[in-house]
Amino acid sequence: MSGTALLRGVKQHQGPLTAELVREPGAFGLGQVPMRLKPDAVTTSVCGFCSTGCSLKIHLRNGEAVNLSANSDYSVNQGMACPKGWEALTPLAAPDRGTVPMLDGKPTDWNTAANTFARRMKRIIDQHGPESVAVLSTGQIVTEEMAFLGAFAKFGMDVRHIDSNTRQCMATAATAYKQSFGFDAPPYTYADFEESDVLIFFGSNPCIAHPIMWQRVLMNRRNPKIVVVDPRRTETAMAATHHYAIQPKSDLMLLYGLAHLLVKRGAVDRAFIEASTTGYEAFARFVEAFDPLRVSRRTGLSVEQLHEFADLICGDQRVSFWWTMGVNQGHESTRTAQGLINLALMTGNIGKPGTGANSITGQCNAMGSRLFGNATSLLGGHDANNNEHRAKVAGVLGIDEARISRQPSLAYDQIIEGVAEGRIKGLWVLATNTSHSWIDSDACNRALEKLDFLVVQDMYPTTDTARRAHLYLPAAGWGEKDGTFVNSERRIGLVRKVRRAPGQALSDFNILRLLASAWGVGDMFKAWTSPAAVFQMLKQLSKDQPFDISGIEGYEDLHRCGGIQWPLRSGEEPQEKSECRLFADGKFFHANGRAKFLFDEPRPMPEPPDKAFPFILLTGRGTSAQWHTNTRTGKSEVLRKLYPQQCYVELNPEDAKVMGIGNQDRVSVSSRRARVEATVVINACVQRGQLFMPMHYEEVNRLTFAAFDPHSRQPSYKACAVRIAR
Ligand SMILES: Nc1nc2c(c(=O)[nH]1)N[C@H]1C(S)=C(S)[C@@H](COP(=O)(O)OP(=O)(O)OC[C@H]3O[C@@H](n4cnc5c(=O)[nH]c(N)nc54)[C@H](O)[C@@H]3O)O[C@H]1N2
Ligand SMILES: Nc1nc2c(c(=O)[nH]1)N[C@H]1C(S)=C(S)[C@@H](COP(=O)(O)OP(=O)(O)OC[C@H]3O[C@@H](n4cnc5c(=O)[nH]c(N)nc54)[C@H](O)[C@@H]3O)O[C@H]1N2
Ligand code: SF4
Ligand SMILES: [Mo]
């Protein structure tokens, strides 16, 4: 499969050169840019695909973006961008962009659309109560829109259940941090990639999924050891110094086995444990049972490999632990993430350069949705059952506190279950493609068919989910609106409107204004006039929270400083290109200031392979040119050349030989849920008895088995039982 495909420097311009553009005054003719910029024709904006948060220079003519290049003056990407970033403008001009609202498949006007939305959703709520309507949102819109959506849905519409695709992605990391540290707080800064002596990646393939973070790893001058724990020999595993090809979903066992060896060797930081943690003694007793022989049997690693791995963590060097979806998407994922956190805590590898228990996020604004989605927590990481928090949120928003329900929202899987059982009759899906990306998608789509009213708000009416909608609302995309994203290292970056949305498409922000007015709660949101105005509210909501950003004046600061990491408290000076790491003082966010060791007995895989379905199906990202359900990346001719157009399945050469399957053969892959067709790619990077299929093809989730972590309710996308046949 394609490698990192990294490009540095300035792309060949198809449009006029920047120098010509700079002479053109009044380039910001859109009148929407919320701050005064120099009257030249280049602006910057943070990329709208992955959570790395690269800055792109946008080249404008008459106020419209004509081209872009990677920003060399931004700490995150330092002049680099991956293929998706370079092609970020292309999907905006796709011929299938939504240009008008559609009601039952026919074009309509915005007035009718907004009134229909209000009338039909209200009718459902009147007849069946506030629990009969739900919202599925996203980690891919600007924070200001997320906050607006969460506030309008819960306080304006009185909807009880709102969740987002962040559940598919970051729920585990968020839950693990909250339980261990007392707040959902990834501690690192990207400089840690460069300052680490040993980088350990669990279930993470940054060469494909975070190519520019990987470039930061390559900039490490300390001759680091790079360890990859992944059942597959991925692009990242090939580039690493050590690859441990464990059996799928045996990570928790491995992590306890490593802790066992560290305890045995006395390779623990006693002073740190005593000053900054609780629960260590119980944990040390618990891991006594995870001796190398037992761990070797479950993980498939040899006892020698286990000792070698433990050696890498011991000693004075700086060790950093990184994880992504190979950990977050599992049936015991929260405890697995905490297994990594425990290793960092017991060795004192936290709060110092080149260390940390570091969850790498996925979507451009997953971090924003974790803080401001108004889903799992009350707007701004607050607690709906804490009276002080309720009063604060009500005060900042100027709403009646009684509007804040104390009832926790259902999680994504429970919402789909509610739809399947007919309890939820109205669903509003915004900037996510549920029909393709949800686990066991055939069952999900059967459920969606039962809805009385499905509203889909997306850039394209052609997505798998939008095609099922009763009401489709055409949304502006990245590049067509202003606001902020929060990247993986907690850096708040600015996103700019550099293109006009096509036809009558509106920004999610303006759609929300319309809908609020049609609902009759326009007054409640009269202060929500622009993303910049909302940013001021977000600052107030953040005050005295761990992510306090009240020291940021406004968008101007974000522009000038090259993004700003949280926290930046009132009175603190924002600094250009600064880097900030949490927990340098050994103080965590629990009331006693300590981090917790948390652990549980490992459990078997929910759907293990058997005689009828002898293979384990792994899923994940295929190439750096494909983004999720491919609604955006599929629109670029350049990107389309970088990946196979048809669904494919990777198969080990030995298995292929035994089964008489040849490279490029068409095969069927079946699970207990469905049977799909795919092209075989014979590849020794997958182990015997395992298959890999990239999630970008809609076939893949028809196969997956709906199992969830009990703490985070994140789906276990990466392990189900299948068979393959010619
Ligand atoms: N090009 C591209 N980049 C992306 C995205 C995209 O769609 N395309 N999506 C973005 C998003 S939202 C996310 S969340 C990230 C995801 O980024 P990653 O998590 O890095 O990507 P994945 O390929 O989903 O999963 C990583 C690895 O987990 C491994 N794995 C599977 N099961 C196990 C297991 O039991 N244990 C271990 N240790 N490993 C396992 C898989 O083999 C895979 O190589 O990428 C982001 N970046
Ligand atoms: N089998 C398997 N399944 C997986 C995964 C896996 O590893 N394996 N990974 C999971 C993960 S980590 C994730 S994050 C999910 C991602 O799953 P999805 O969120 O469903 O994937 P996307 O294709 O990113 O969908 C985003 C949608 O929003 C639209 N959109 C983009 N920008 C805007 C905007 O500004 N406004 C509006 N209104 N719409 C917009 C796009 O056109 C697209 O339809 O998939 C999950 N599914
Ligand atoms: S690495 Fe992520 S943020 Fe950077 S250009 Fe690529 S998709 Fe955009
Ligand atoms: Mo994700």
Side-chain angles (χ1 to χ4, degrees), residues 6-7 46-56 70 76-77 80-88 91 94 97-98 136-142 145 149 164-170 206 209-215 324-326 328-329 361-366 429-439 441 456-460 462-466 473-481 483 485 487-488 493 495 501 505-509 511 617-621 624 626-635 693-697 700-704 714-718 720:
L6 162 93
L7 301 156
V46 170
C47 175
F49 287 103
C50 90
S51 63
T52 306
C54 297
S55 172
L56 303 171
V76 169
N77 54 314
M80 301 175 278
C82 85
K84 296 183 296 304
W86 285 107
E87 277 297 290
R97 280 297 298 275
L136 292 175
S137 147
T138 186
Q140 295 180 54
I141 55 177
V142 294
E145 292 176 337
L149 173 66
S164 76
N165 61 8
T166 311
R167 183 73 61 181
Q168 296 161 287
C169 180
M170 299 319 306
H210 298 93
I212 303 307
M213 289 193 202
W214 181 249
Q215 293 305 309
T324 319
M325 291 308 120
N328 279 358
Q329 296 169 343
T361 56
Q363 307 170 80
C364 50
N365 202 17
V429 178
L430 193 148
T432 187
N433 192 1
T434 303
S435 289
H436 172 143
S437 61
W438 188 247
I439 199 160
S441 56
V456 175
Q457 186 164 321
D458 201 289
M459 292 167 68
Y460 310 98
T462 48
T463 72
D464 288 323
T465 319
L473 305 175
W478 171 90
E480 297 167 343
K481 54 190 178 178
F485 288 156
N487 79 353
S488 260
V495 181
L506 293 175
S507 67
D508 294 298
F509 196 91
I511 297 174
L617 175 65
L618 305 173
T619 70
R621 276 73 197 155
S624 61
Q626 284 161 295
W627 180 256
H628 295 159
T629 72
N630 221 14
T631 67
R632 287 193 280 164
T633 39
K635 305 294 154 55
M693 292 174 86
M695 62 156 303
H696 313 297
Y697 307 90
V700 175
N701 274 321
R702 299 185 52 210
L703 298 169
T704 47
Q714 181 157 342
S716 181
Y717 280 113
K718 286 179 161 36
C720 71

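Everything numeric in this text was worked out from a predicted model, so none of it was measured. Atoms within a ligand are numbered from 1 in the order they appear, just like the ligands themselves.
Listed here is the closest heavy atom pair of A70 and N77: CB-ND2, 4.4 Å. Nearest heavy-atom pair, I141 versus A431, reported as atom, atom and distance to 0.1 Å: CG2-CB, 3.9 Å. Taking both residues in full, the closest heavy atoms of A366 and G362 are given as CB-N, 4.5 Å, listed atom of the first, atom of the second, then distance.
Contact annotation for A475 and ligand 2: only side-chain heavy atoms (C-beta onward) come within less than 4.0 Å of the ligand. The parts of T629 lying near ligand 2 are both backbone and side chain, judged by heavy-atom distances below 4.0 Å. Contacts with ligand 2 closer than 4.0 Å are made by no heavy atom of W438, backbone or side chain. Looking at M695 against ligand 2, only its side chain comes within 4.0 Å, counting heavy atoms. In A366, neither the side chain nor the backbone holds a heavy atom less than 4.0 Å from any atom of ligand 2. The residue I439 has no part lying near ligand 2, judged by heavy-atom distances below 4.0 Å. Under 4.0 angstrom from ligand 2, the non-hydrogen atoms of I141 all belong to its side chain. Only the side chain of T631 comes within 4.0 Å of ligand 2, counting heavy atoms alone; its backbone N, CA, C and O stay farther away.
In terms of protein heavy-atom proximity, atom 25 (O) of ligand 2 is nearest to N433 N, 3.7 Å. Atom 1 (S) of ligand 3 has as its closest protein heavy atom I212 CG1, 3.5 Å. The closest protein non-hydrogen atom to atom 6 (Fe) of ligand 3 is C82 SG, 2.3 Å. Among protein heavy atoms, atom 22 (P) of ligand 2 sits closest to H628 CB, 3.5 Å. Nearest non-hydrogen protein atom to atom 44 (O) of ligand 2 is D458 OD2, 2.6 Å. With hydrogens left out, the protein atom closest to atom 12 (S) of ligand 2 is R621 NH2, 3.3 Å, a heavy atom. Among protein heavy atoms, the minimum distance from atom 1 (N) of ligand 2 is reached at N701 OD1, 2.8 Å. The protein non-hydrogen atom at the shortest distance from atom 47 (N) of ligand 2 is S437 O, 3.1 Å. Of all protein heavy atoms, the one lying nearest to atom 40 (C) of ligand 2 is A431 CB, 3.6 Å. With respect to atom 2 (C) of ligand 2, the closest heavy atom belonging to the protein is Y717 CD2, 3.4 Å. Of the protein's non-hydrogen atoms, C54 N, 3.4 Å is the one closest to atom 3 (S) of ligand 3.
Polar contact with ligand 2: absent for T704 (N/O pair, distance under 3.5 Å). On a distance-only criterion, Y460 and ligand 2 share no N/O pair closer than 3.5 Å. Between Q329 and ligand 2, at least one pair of N/O atoms sits closer than 3.5 Å.
When side chains are defined from C-beta on, R97 does not count as touching K635, because their heavy atoms never get closer than 4.5 Å. Proximity of P211 to M80: side-chain heavy atoms (C-beta onward) are nowhere separated by under 4.5 Å. Residues N433 and T631 meet the side-chain proximity criterion, which asks for heavy atoms closer than 4.5 Å. Looking at heavy atoms from C-beta onward, M170 lies in side-chain contact with N328 at the 4.5 angstrom threshold. Between L430 and E145, every side-chain heavy-atom pair lies at or beyond the 4.5 Å cut-off. Here the side chains of R621 and H696 are in contact, with some heavy-atom distance below 4.5 Å. Side chains of V76 and N487 form a contact here, defined as non-hydrogen atoms less than 4.5 Å apart. The side-chain heavy atoms of V495 and K481, taken from C-beta on, include no pair separated by under 4.5 Å.
Under a 4.0 angstrom heavy-atom cut-off, K718 registers as being in contact with ligand 2.
Atoms of ligand 3 found under 4.0 Å from any heavy atom of G53 (numbered from 1 in listed order, with element): 3 (S). Within ligand 2, counting atoms from 1 as listed, the ones closer than 4.0 Å to a heavy atom of D508 are 34 (C), 35 (O), 36 (N), 37 (C), 38 (N). Every atom of ligand 2 is numbered from 1 in the order shown, and the set under 4.0 Å from a heavy atom of W627 is 24 (O). Residue Q140 has at least one heavy-atom neighbour below 4.0 Å for each of these atoms of ligand 2: 19 (O), 22 (P), 24 (O), 26 (C). Atoms of ligand 3 found under 4.0 Å from any heavy atom of C47, numbered from 1 in the order shown, are 3 (S), 5 (S), 7 (S), 8 (Fe). Residue contact check: K84 has heavy atoms under 4.0 Å from atoms 7 (S) of ligand 3. Shown in contact with K481 at under 4.0 Å from a heavy atom are these atoms of ligand 2, numbered in order with element: 34 (C), 35 (O), 36 (N). Taking every heavy atom of F49 and a limit of under 4.0 angstrom, the matching atoms of ligand 3 come to 7 (S). Those atoms of ligand 3 that come under 4.0 Å of a heavy atom in C50, given as number and element, are 1 (S), 2 (Fe), 3 (S), 7 (S). Using a 4.0 Å cut-off to heavy atoms of G85, the atoms of ligand 3 that qualify are 5 (S). Counting the atoms of ligand 2 from 1 in the order shown, those under 4.0 Å from a heavy atom of C169 are 12 (S), 14 (S). For ligand 2, the atoms closer than 4.0 angstrom to any heavy atom of N165 are 19 (O). Close contacts between ligand 2 and T463 involve ligand atoms 44 (O) [criterion: under 4.0 Å to a heavy atom]. Residue A476 approaches ligand 2 through these ligand atoms, each under 4.0 Å from one of its heavy atoms: 34 (C), 35 (O), 36 (N).
In terms of modelled atom types and a separation under 3.5 Å, the side chain of T465 and the main chain of T434 share a donor-acceptor contact.
Scanning K635, Q363, M459, R167 for the heavy atom closest to atom 30 (N) of ligand 2 points to M459. In this structure, of T633, T619, L473, the residue bringing a heavy atom nearest to atom 8 (N) of ligand 2 is T619.
Going from atom OG1 of T633 over to atom NZ of K84 covers 8.0 Å, rounded to the nearest 0.5 Å. Here the straight-line distance linking atom OG1 of T704 with atom OH of Y717 works out to 7.0 Å at 0.5 Å rounding. Atom CH2 in W214 sits 15.5 Å away from atom SG in C82 (nearest 0.5 Å).
Remark: the S51 side chain and the S488 side chain contain an N/O donor-acceptor pair separated by less than 3.5 Å. With no hydrogens or angles considered, a side-chain donor-acceptor pair links S164 and T166 at under 3.5 Å.
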Could you go step by step and tell me if M695 and M325 meet the side chain to side chain contact (heavy atoms under 4.5 Å, CB included) rule?
CA-CA 12 Å; M695 62 156 303; M325 291 308 120; over 6 Å; no
Test log, rule side chain to side chain contact (heavy atoms under 4.5 Å, CB included), inputs Q140 and W478:
CA-CA 9 Å; Q140 295 180 54; W478 171 90; over 6 Å; no
Could you give me the CA-CA distance, side-chain angles and deciding distance for C47 and F485, then say whether side chain to side chain contact (heavy atoms under 4.5 Å, CB included) is met?
CA-CA 9 Å; C47 175; F485 288 156; over 6 Å; no
